[in-house]
*Asks:* 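The following block contains the structure, expressed as structure tokens.
In what follows, chains carry the letters A, B, and so on, assigned in the order in which the sequence lines appear, proteins first and then strands, with residues in each chain numbered from 1. All values derive from a computational prediction rather than experimental measurement.
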Amino acid sequence: MKKLTSPKTEAELLSRCQKLAGMTWATLASTYNQTLPTSLIQAKGFMGQLMEQVLGATANNLPEPDFQHLGIELKTLPLNANGEPRESTYVCTAPISFNAEIEAWTNSRVRKKLARVLWVPFEADPKIPLNERRIGSALLWSPDPATESILRQDWEELTLMLHLGQTANLSAKLGTYLQIRPKAAHSRIVNPGINEQGEDMFQNPRGFYLRSLFTQKILEAHYCKA
DNA sequence: TACTGATCATTC
DNA sequence: GAATGATCAGTA
């Protein structure tokens with residue numbers, strides 16, 4: 001493994017990204033002495049973790065931005081054959097600790113993570129073998145005021161439901177840009193929570209995800225695609 | 001295609 | 001166990 005230092009400035013981070021654009025996964029992996037998995041089934045986070053290493057992210061799995069001193073979050077973005085995001089994007093775990101005070105949007109993990117994001121799109125068409133898939137050109141992004149306002153509305157609505165014990169009514173359909181879905185190693189993991197009557201119960205941990213519609217809009221706005 | 005719930009690896 | 005990195009796979 002090469003000695004990888006963390007970039008000191010945004011410009012340095014972006015210039016690293018530009019060198020990666022167009023590279024295949026195979027090239028990228030071998031350059032950094034990593035072995036490409038034969039399948040993503042048992043390596044679902046492979047690309048995200050490889051990019052963290054290559055770009056010198058420092059936060060590991062702490063609930064903080066990947067580039068702590070720059071305040072930048074790294075997100076890989078799998079694209080289908082049409083260049084559209086193939087999946088929703090995981091943001092962070094959702095607080096279901098009903099005893100805790102409802103945190104303000106300004107202090108929420110969602111906002112902190114999405115305040116400044118380095119999107120790294122890459123080919124993820126299932127028809128392309130893993131070693132032939134290429135890295136796209138990265139995009140450093142922040143939400144504009146209108147976007148942040150929608151994200152905030154989504155977040156406040158969903159967070160309120162979590163705190164009211166309305167998990168039974170929580171659907172991935174809710175939210176314009178954000179959605180709530182299970183997020184756990186497996187479905188037998190449960191956390192304490194409350195139901196609508198305020199009674200104790202157990203429920204699966206949830207996480208916030210960004211709809212692919214949302215990430216697609218970001219790509220369109222930046223690359224001016226039709 | 002989108003929604004949904006389920007699952008895999010790693011680190012601390 | 002809970003946070004990170006995510007994608008899989010069934011079904012409507």
*Asks:* Using a distance-only criterion (donor-acceptor N/O pair, under 3.5 Å, no hydrogens), is the base of B:dT7 paired with the side chain of A:Lys44?
*Replies:*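 Indeed, a donor on one side and an acceptor on the other fall under 3.5 Å apart.
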*Asks:* Whole angstrom is fine here: how far is it from NZ in A:Lys75 over to C1' in C:dT7?
*Replies:*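 Rounded to the whole Å, the gap is 13 Å.
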*Asks:* Just to confirm, is there a sub-4.0 Å distance from OP1 or OP2 of C:dG5 to any side-chain nitrogen or oxygen of A:Lys113?
*Replies:*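 True: A:Lys113 side-chain N/O within range (under 4.0 Å) of C:dG5 OP1/OP2.
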*Asks:* Please give, in whole Å, the distance from C:dT4 C1' to A:Glu52 CD?
*Replies:*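 Atom CD in A:Glu52 sits about 7 Å away from atom C1' in C:dT4.
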*Asks:* Return the 5'-most residue of the pair A:Leu174, A:Gln49 with respect to DNA chain B, ranking by each residue's nearest nucleotide.
*Replies:*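 Its nucleotide being nearer the 5' end, the pick is A:Leu174.
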*Asks:* Would one find a side-chain N or O of A:Thr93 under 4.0 angstrom from OP1 or OP2 of C:dT4?
*Replies:*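 So the side chain of A:Thr93 is within the cut-off, an N or O lying under 4.0 Å from OP1 or OP2 of C:dT4.
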*Asks:* Looking at every strand, decide which applies to A:Ala172 at a 4.0 Å heavy-atom threshold: base, sugar-phosphate, or nothing.
*Replies:*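 Contact class for A:Ala172: sugar-phosphate only.
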*Asks:* Rounded to the nearest 0.5 Å, what separates atom CG in A:Asn191 from atom CG in A:Asn204?
*Replies:*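 The CG atom of A:Asn191 sits 8.5 Å away from the CG atom of A:Asn204.
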*Asks:* Measure from the side chain of A:Asn191, starting at C-beta and using heavy atoms only, and say which of B:dA9, B:dT4, C:dA2 lies closest.
*Replies:*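 Among the listed nucleotides, the one closest to the side chain of A:Asn191 is C:dA2.
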*Asks:* Among B:dG5, C:dG5, C:dC8, find the nucleotide with the atom closest to the side chain of A:Pro182.
*Replies:*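 Selected nucleotide: B:dG5.
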*Asks:* Is A:Glu73 touching bases, backbone alone, or none of the nucleic acid, heavy atoms closer than 4.0 Å?
*Replies:*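 Since only primed, P, OP1 and OP2 atoms lie under 4.0 Å of A:Glu73, the category is sugar-phosphate.
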*Asks:* Between A:Tyr90 and A:Glu87, just flag the one whose closest nucleotide in DNA chain C comes earlier from the 5' side.
*Replies:*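 Mapping each residue to its closest nucleotide by heavy atoms, the 5'-most match is A:Tyr90.
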*Asks:* Quick check for you: among C:dA9, C:dT7, C:dG5, whose closest atom lies nearest to any side-chain atom of A:Asp66?
*Replies:*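 Selected nucleotide: C:dG5.
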*Asks:* Just to be sure I understand the rule, does A:Ser171 reach a base, reach only the sugar-phosphate, or reach nothing, if contact means heavy atoms closer than 4.0 Å?
*Replies:*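 Result for A:Ser171 = sugar-phosphate.
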*Asks:* Do side-chain atoms of A:Arg109 reach the backbone of A:Pro63 as a donor and acceptor pair under 3.5 angstrom?
*Replies:*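 Looks like no, no N/O pair under 3.5 Å.
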*Asks:* Send over the distance from A:Leu213 CG to B:dT1 C1', rounded to a whole Å.
*Replies:*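 Roughly 13 Å, once rounded to whole Å.
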*Asks:* Between A:Arg116 and A:Glu10, does any NZ, NE, NH1 or NH2 come within less than 4.0 Å of an OD or OE carboxylate oxygen?
*Replies:*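 Here A:Glu10 pairs with A:Arg116 in a salt bridge, since their nearest N and O are under 4.0 Å apart.
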*Asks:* Dot-bracket for DNA chain C, 5' to 3', with Watson-Crick and G-U pairs under 3.5 Å, [ ] for crossing pairs and | for other-strand pairs: what is it?
*Replies:* ||||||||||||
*Asks:* Would you kindly compare A:Leu77 and A:Pro63 by the position of their nearest DNA chain C nucleotide and give the one closer to the 5′ end?
*Replies:*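 It is A:Pro63 whose nearest nucleotide is closer to the 5' end.
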*Asks:* Has A:Arg86 got a side-chain N or O lying under 4.0 Å from the OP1 or OP2 atom of C:dA6?
*Replies:*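 Indeed not, no polar side-chain atom of A:Arg86 lies that close.
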*Asks:* Whole-Å distance between C:dG5 P and A:Phe208 CZ?
*Replies:*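 Rounded to whole Å, this separation is 15 Å.
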*Asks:* Would you mind classifying the nucleic acid contact of A:Gly48 as base, sugar-phosphate or nothing, using non-hydrogen atoms under 4.0 angstrom?
*Replies:*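 Sugar-phosphate: the residue A:Gly48, judged by heavy atoms under 4.0 Å, touches backbone atoms but no base.
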*Asks:* When you compare the side chains of A:Arg181 and A:Ser88, does any donor N or O come within less than 3.5 Å of an acceptor on the partner?
*Replies:*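 Result is yes, a qualifying pair exists.
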*Asks:* Return the nearest nucleotide to the side chain of A:Ser187; candidates are C:dG5, C:dA6, B:dA6.
*Replies:*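 Nearest to the side-chain atoms of A:Ser187, counting from C-beta on, is B:dA6.
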*Asks:* Nearest heavy atom decides the nucleotide; on that basis, is A:His186 or A:Ser212 closer to the 5' end of DNA chain B?
*Replies:*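 Checking each residue's closest nucleotide, the 5'-ward one belongs to A:Ser212.
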*Asks:* Quick one: does any side-chain atom of A:Ser30 pair with a main-chain N or O of A:Ala26 as donor and acceptor, under 3.5 Å?
*Replies:*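 The answer is yes, because a donor-acceptor pair under 3.5 Å joins these two groups.
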*Asks:* Regarding A:Ala184, tell me which of base, sugar-phosphate or nothing describes its non-hydrogen contacts under 4.0 Å with the strands shown.
*Replies:*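 Here A:Ala184 touches the bases of the nucleic acid.
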*Asks:* Could you please name the option among C:dT7, C:dA9, C:dG5 that lies closest to any side-chain atom of A:Ile41?
*Replies:*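 Shortest atom-to-atom distance from the side chain points to C:dA9.
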*Asks:* Just by distance, do the side chain of A:Asp154 and the backbone of A:Tyr177 share a donor-acceptor pair under 3.5 Å?
*Replies:*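 Present.
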*Asks:* Separation of A:Leu62 atom CG from C:dA3 atom P, in whole Å?
*Replies:*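 A:Leu62 atom CG is separated from C:dA3 atom P by 12 Å.
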*Asks:* Using atom OH of A:Tyr209 as one end and atom P of B:dT4 as the other, report the distance to the nearest whole Å.
*Replies:*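 My rounded result for the distance is 13 Å.
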*Asks:* What is the distance from CG of A:Asn204 to P of C:dA2, rounded to the nearest Å?
*Replies:*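 Computing the A:Asn204:CG to C:dA2:P distance gives 12 Å.
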*Asks:* Look at the side-chain N and O atoms of A:Thr76 and state whether any lies under 4.0 Å from the OP1 or OP2 oxygen of C:dA6.
*Replies:*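 Indeed, a polar side-chain atom of A:Thr76 lies that close.
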*Asks:* With a 4.0 Å cut-off, would you call A:Arg152 and A:Glu148 a salt bridge?
*Replies:*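 So A:Arg152 does not pair with A:Glu148 through a salt bridge.
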*Asks:* To the nearest 0.5 Å, tell me how far A:Leu140 CG sits from A:Glu73 CD.
*Replies:*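 These two atoms lie 12.0 Å from each other.
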*Asks:* Less than 4.0 angstrom between a side-chain N/O of A:Arg211 and OP1 or OP2 of B:dC3, yes or no?
*Replies:*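 Answer yes for this pair, as a side-chain N or O of A:Arg211 is under 4.0 Å from OP1 or OP2.
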*Asks:* Indicate yes or no for a side-chain donor-acceptor contact from A:Ser6 to the backbone of A:Gly56 under 3.5 Å, with no hydrogens or angles considered.
*Replies:*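 Answer holds: yes.
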*Asks:* With a 3.5 Å cut-off and heavy atoms only, can you find an N or O donor on one side and an acceptor on the other between the side chain of A:Lys183 and the base of C:dT4?
*Replies:*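 A donor-acceptor contact between them is present.
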*Asks:* Rounded to the Å, how far apart are A:Trp119 CH2 and C:dA6 P?
*Replies:*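 It works out to 10 Å between those atoms.
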